[in-house]
Amino acid sequence: MQVIKYVFQPHGDDRGQLVSLEEFKDIPFRIKRVYYMYDTGSGVVRGHHAHKSLQQILICIHGSCKVMLDNGKEKKTVPLEKPYEGVYVSNVMWREMYDFSDDAVLMVLASELYNEEDYIRDYDEFLKFVNNCSDNEIEQV
Ligand code: T46
């Protein structure tokens with residue numbers, strides 16, 4: 001399983017750093033939604049689901065956290081520790097976010113608007129979905 005990690009270009013000068021993200025240039029899809037999570041207490045695990053069609057990029061813009069990605073066959077853990085790096089999360093991918101630092105702010109750029117129907121929240125259902133999925137139903141960059 002290949003994990004796609006992005007390292008964005010910081011534009012720094014003596015005033016500090018700035019990272020700009022443009023759809024189809026830095027981000028491989030049209031950005032229809034941005035959300036972020038914070039005040040995630042220690043020991044918290046978020047996610048526990050996959051998506052039928054949503055693609056996302058997760059960026060820990062402050063602090064740090066870990067993301068566990070599971071494609072139904074293999075699992076990989078990705079640490080997010082820099083505000084200029086992100087991880088691509090394809091649609092049919094079980095994800096869990098955990099090990100949040102007290103100051104973590106995890107920002108997510110999403111290819112679709114919020115739609116509860118797109119969630120797969122049961123792990124066995126996820127495995128069935130993966131096994132019935134043709135290659136062209138799994139988004140790739
Ligand atoms: C994902 C991971 C990385 C909304 O009303 N609008 C939204 O756009 C989102 C994302 C959530 N919500 C509501 C739904 C729930 O009542 O916010 C509440 C918390 O959402 P959820 O429990 O789904 O949060 P996480 O952190 O488990 O998962 C989120 C995304 O939902 C999910 O798509 O891939 O972050």
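In listed order, ligands and their atoms are each counted from 1.
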- Test of ring centre spacing under 6.0 Å for Phe126 and Tyr123: yes
- At the 4.0 Å heavy-atom cut-off, does His51 count as touching ligand 1? yes
- Note on the structure: min-distance protein heavy atom vs atom 31 (O) of ligand 1 -> Tyr119 OH, 2.5 Å
- Identity and distance of the protein heavy atom lying nearest atom 10 (C) of ligand 1: Arg33 NH1, 3.4 Å
- Run the numbers for me: atoms of ligand 1, each under 4.0 Å from some heavy atom of Met37, listed by number. 26 (O), 35 (O)
- Task: May I ask you to check if ligand 1 and Met97 share an N or O to N or O distance below 3.5 Å?
- Result: no
- Item | Contacting atoms of ligand 1, where contact means under 4.0 angstrom from a heavy atom of Gly47 | 25 (P), 27 (O)
- atom 29 (C) of ligand 1: which protein heavy atom is closest, and how many Å away? Tyr35 OH, 3.6 Å
- How close does the nearest protein non-hydrogen atom get to atom 21 (P) of ligand 1, and which residue and atom is it? Arg46 NH2, 4.3 Å
- Message: Yes or no: does Glu116 have any heavy atom under 4.0 Å from an atom of ligand 1?
- Response: no
- Message: Under 4.0 Å from a heavy atom of Arg121: which atoms of ligand 1 are those, numbered in the order shown and with their elements?
- Response: 23 (O)
Pairs under 3.5 angstrom only: tabulate donor-acceptor contacts from the side chains of residues 74-83 to other protein residues two or more places apart or in another chain.
unit_1, atom_1, unit_2, atom_2, d
Glu74, OE1, Met1, N, 2.6
Glu74, OE2, Met1, N, 3.3
Lys76, NZ, Met1, O, 2.6

- Message: Ignoring hydrogens and geometry beyond distance, is a side-chain donor-acceptor pair present between Gln56 and Tyr35 at under 3.5 Å?
- Response: yes
- Between His51 and Asn91, is any side-chain donor less than 3.5 angstrom from a side-chain acceptor? no
- Message: Using heavy atoms and a 4.0 Å limit, tell me yes or no: is Glu96 in contact with ligand 1?
- Response: no
- Message: Strictly less than 4.0 Å: does any protein heavy-atom distance to atom 26 (O) of ligand 1 fall in that range?
- Response: yes
- Query: Quick one: do Glu85 and Lys5 make a salt bridge, cutoff under 4.0 Å?
  - Reply: yes
- Query: Under 3.5 Å, side chain of Lys52 to main-chain N/O of Glu117, donor-acceptor pair present?
  - Reply: yes
- Message: Give me the residue, atom name and distance of the protein heavy atom closest to atom 15 (C) of ligand 1.
- Response: Tyr114 OH, 4.5 Å
- Please answer whether the main-chain N or O of Glu112 pairs with a side-chain N or O of Arg33 as donor and acceptor at a distance below 3.5 Å. yes
- Among all protein heavy atoms, pick out the one at the shortest distance from atom 32 (C) of ligand 1; state its residue, atom name and that distance to 0.1 Å. His49 NE2, 3.0 Å
- Query: Got a sec, which pairs hit salt bridge (charged side-chain N to carboxylate O under 4.0 Å, His left out) with one end in residues 60-71, sequence neighbours left out?
  - Reply: Lys66-Asp99
- Query: Can you list the atoms of ligand 1 that are under 4.0 Å from a heavy atom of Arg95?
  - Reply: 1 (C), 34 (O)
- Item | Tyr119, OH: over 12 other non-hydrogen atoms inside 6.0 angstrom | yes
- Can you measure from CD1 (Ile57) to CG (Leu109) and round to the nearest 0.5 angstrom? 6.5 Å
